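Okay, so here's the structure we're looking at.
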Amino acid sequence: MAYYGQQRGYGAPSGSGGGYGGYNPGGFQQHAPAGPPPGADPQLWNWFSAVDADRSGAISPPELQQALVNGDWTPFDLDTVKLLMTLFDTDRSGTVGFNEFQGLWKYIKDWQGVFRHFDVDRSGSIDGRELESALRQFGFNLSPELLRLVERKYDIKGNASGPGQAPGITFDR
């Protein structure tokens, strides 16, 4: 698994002349593709390229976290980013390539639509009333005590939110 700032695979770090002893047999050094693959959505390719800050041709967890923000402009929770990487890193490289990114993007957009549907007051978070309504529509009728427990578990801001921050569950939780 590659981590942010580490070279994937064997050999010297990029910029040092390639593989063992500066020799790069077979041209195995990885470079980002010059343009979108055939049939790819050009706008999605532009977003992918913008997130791929190190131009490796793949997105690392820190790059993804830096690119994703909630409706209140707070960064995505690192655990959520790791979960997304686990779900969409189908080749288990530790990064997400463009094809994997296409699936991840659709997943996020679909869940964003669901989130917005239940964020009735458009606060950027799901409060207790909205959570109860969402769970009921999904077929879950929780007791008030259990509902409060769920809300407390996932409301990272709590009721002590600052100016402009509504209490409730953000999109990334």
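As the structure is a prediction and not an experimental result, all values here were calculated from the model.
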Rounded to the nearest 0.5 Å, how far does CD1 of I169 lie from CZ of F118?
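Result: 12.5 Å between the selected atoms.
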Residues that [X] engages under side chain to side chain donor-acceptor pair (under 3.5 Å), provided they are two or more places apart:
{"X": "K106", "answer": "D110"}
{"X": "D91", "answer": "S93"}
{"X": "R136", "answer": "E132, N141"}

Could you check if a side-chain atom of [X] sits within less than 4.5 angstrom of a side-chain atom of [Y], using non-hydrogen atoms only?
{"X": "T80", "Y": "L68", "result": "no"}
{"X": "I59", "Y": "F48", "result": "yes"}
{"X": "Q65", "Y": "M85", "result": "no"}
{"X": "L131", "Y": "Y154", "result": "no"}
{"X": "V96", "Y": "L64", "result": "no"}

Whether the side chain of [X] engages the backbone of [Y] through a donor-acceptor N/O pair (distance < 3.5 Å, no angle test) should be reported.
{"X": "E100", "Y": "G97", "answer": "yes"}
{"X": "Q137", "Y": "A134", "answer": "no"}
{"X": "D41", "Y": "W45", "answer": "no"}

Going by ring pair (Phe, Tyr, Trp, His ring centres under 6.0 Å), F88 matches just one of W105, F98, Y107. Which one?
Y107
Derivation of the side chain to side chain donor-acceptor pair (under 3.5 Å) call for Q43 and N46
CA-CA 5 Å; Q43 181 62 50; N46 288 338; 4.7 Å; no
